[in-house]
Amino acid sequence: MAFGTLVQYLKQVESAISNNEGDLLAALVSFQHLHIHNQKLWVDFEGQCQKFLENPYDEMIAAHIRCAMAVSNGDMMEAYACQGVVTQSFLKAFQAQKEENWAIPVLKRVVSDLRQFALKAEASLVRSKSRRKPGEMLEKAADLIMSCFRVCVSDSRTALEVSKRVGTPTLVNQLFKIYFKINTLHLCKPLVRAIDGSDIKDHFTKAQFVTYKYFVGKKDMFDSDFKAAAESLEFSFNCCYISSQRNKRLILIYLIPVKMLLGYMPKPELLEKYDLLEFEDVRRAVSQGNLLLLSQTLRKHEAFFIRFGIYLILQKLKIISYRNLFKKVYVLLGGTHQLPLRAFEDALKFMKVEDIDIDEVQCIVANLIDKNYIRGYISHQHQKVVVSKQVPFPSVASLFK
């Protein structure tokens, strides 16, 4: 599709609307299409849009052209505002369509571009040191996308093949991306409930469902539901296209800590394959109960772990490291079922754990017993830990089965 003039472009738009060609119209309002660089479209376009197109499509296309001009001028705030008008105008037309969903490709395109422009507008505000609330543009974009979501889910009485509900997977994933970006994860819960309570989840494309399960897994991880998180993230990783190495690596950044908390350590070959060697010393430290190495590794790669929001999750591995360290003490003492608390204190001091004393050791052991990492009890009178003669240190993985 090449357009020499504005009239040619508008005739293509008019034809796409008249013939219900969603893919064509989506291309005609996409910022991945070459027409956005054609400055011939920028001349007297307002009047021409009204001449060729009915409302609200005239408003939508005029705003799209203004957005292209703003992008050319490097004005991301104006581009974001114009894309907002594009989305609002499209939503009016979309909502008016009854028992038809040919415009779903357009919906996907305009909301995706809206989120992208919101991100660029946020970046421009940061560069200009604006005092506006961080995330404000993304919040407004999310509100507009949520309006689209409500229109789609409310089309519940229409047969699925012509229902607007088939547009909900795209909208949910776009909202997930925004909510995670601005740290409003509590807003994800109603979306998950809406999808799980409908038949639409059976009609996701493979790519859409991989993305959906990735975000659901991340949400479960931050909610400390590690078993559910592992299930979703493993599905996402296993179903992600083999060629999408970048996406598979991103999924692993969250799946690895979750699996470690469930007692499964990643293989070195996996870490090397996906260039995730930041986790190698974490894996080694936890397996060996080496609290000193764990602390050093978390400090060394702190920026990486914080960037992906998993630093505090990895801190939770300390309790498994305590368990593994204390099991070594148990083995060194010959497997006796009466273990002096002082031996645990000495081991922790050897690992250079700060401010450790016998009271702190008792707290750590009590926590391990409470979480079933150790089976036994503390004899305060004798200052010993009396462990079970049968499986005193059950495997971490067995605790989550």
Side-chain angles (χ1 to χ4, degrees), residues 1 13 22-38 41-42 59-91 94 103-128 130 132-149 151-152 167-185 187-188 191 205 207-208 210-212 214-215 218 244 246-247 250 307-309:
M1 288 179 290
V13 172
D23 289 327
L24 174 57
L25 185 57
L28 294 171
V29 294
S30 170
F31 276 82
Q32 296 177 358
H33 193 272
L34 290 175
H35 76 270
I36 64 167
H37 303 295
N38 186 354
L41 306 185
W42 304 353
E59 296 175 357
M60 174 183 168
I61 299 303
H64 173 66
I65 295 173
R66 286 198 301 274
C67 189
M69 295 169 65
V71 171
S72 179
N73 294 328
D75 188 346
M76 290 302 115
M77 288 298 293
E78 175 63 15
Y80 165 71
C82 291
Q83 188 63 25
V85 175
V86 170
T87 308
Q88 289 172 327
S89 301
F90 168 75
L91 186 57
F94 188 59
I104 292 293
V106 188
L107 173 71
K108 294 177 180 179
R109 186 71 268 155
V110 298
V111 297
S112 177
D113 285 343
L114 178 67
R115 184 181 65 85
Q116 292 295 334
F117 282 123
L119 286 168
K120 291 175 182 179
E122 290 286 349
S124 70
L125 288 175
V126 171
R127 287 193 297 270
S128 64
S130 171
R132 296 181 73 160
K133 175 186 171 184
E136 183 180 346
M137 300 300 104
L138 284 165
E139 284 182 12
K140 290 180 177 178
D143 288 342
L144 194 45
I145 296 172
M146 179 57 76
S147 296
C148 298
F149 177 77
V151 168
C152 288
T168 55
T170 291
L171 300 175
V172 167
N173 287 338
Q174 291 293 335
L175 287 168
F176 274 158
K177 290 175 183 179
I178 293 177
Y179 292 156
F180 273 86
K181 185 72 176 179
I182 61 178
N183 197 27
T184 53
L185 304 192
L187 296 176
C188 297
L191 298 176
T205 65
Q208 287 173 334
V210 164
T211 301
Y212 175 76
Y214 164 71
F215 282 112
K218 281 180 65 177
S244 301
R246 178 178 173 275
N247 289 341
L250 187 59
R307 175 186 166 198
F308 290 100

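This structure is a prediction, so every number in the text was calculated from the model and none was measured. Just so it is clear, the values below take in all heavy atoms, side chains as well, and ignore hydrogens, waters and symmetry mates.
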Measuring only between side-chain heavy atoms, which start at C-beta, is [X] closer than 4.5 Å to [Y]?
X	Y	value
L125	M77	yes
C67	F117	yes
V106	F94	no
C188	F180	yes
C152	L107	yes
Y214	F176	no
I65	I61	yes
Q32	R109	yes

Please find the pair of heavy atoms, one from [X] and one from [Y], that lie closest to each other, and give the distance.
X	Y	value
V71	F31	CG2-CE2, 3.9 Å
F215	N173	CE1-O, 4.3 Å
A142	L175	O-CD2, 3.5 Å
L25	V13	CD1-CG1, 3.9 Å
I145	I178	CD1-CD1, 3.9 Å
L91	S147	CD2-CB, 3.9 Å

For the residue pair T205 and Q208, confirm or rule out a side-chain donor-acceptor distance under 3.5 Å.
->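 Present: a donor and an acceptor within the cut-off.
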Has [X] got a side-chain atom pairing as donor or acceptor with [Y]'s backbone, closer than 3.5 angstrom?
X	Y	value
S30	A27	no
S89	V85	yes
Q83	H64	no
E122	E136	yes
S112	K108	no
Y80	M137	yes

Quick one: pull up [atom1] in [X] and [atom2] in [Y] and give me the separation to the nearest 0.5 Å.
X	Y	atom1	atom2	answer
K177	Q116	NZ	CD	7.5 Å
I36	W42	CD1	CH2	9.0 Å
T168	L171	OG1	CG	7.0 Å

So L191 and M146, side-chain contact (heavy atoms from CB on, under 4.5 Å) or not? Walk me through it.
-> CA-CA 10 Å; L191 298 176; M146 179 57 76; 3.8 Å; yes
Passes side-chain contact (heavy atoms from CB on, under 4.5 Å), Y179 versus L138? Steps please.
-> CA-CA 9 Å; Y179 292 156; L138 284 165; over 6 Å; no
Flag the pair E139 and K133 as a salt bridge only when some basic side-chain nitrogen lies within less than 4.0 angstrom of an acidic carboxylate oxygen.
->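 Salt bridge present between E139 and K133.
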More than 12 foreign heavy atoms under 6.0 Å from NZ of K181: is that the case here?
->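 Incorrect, the count does not exceed 12.
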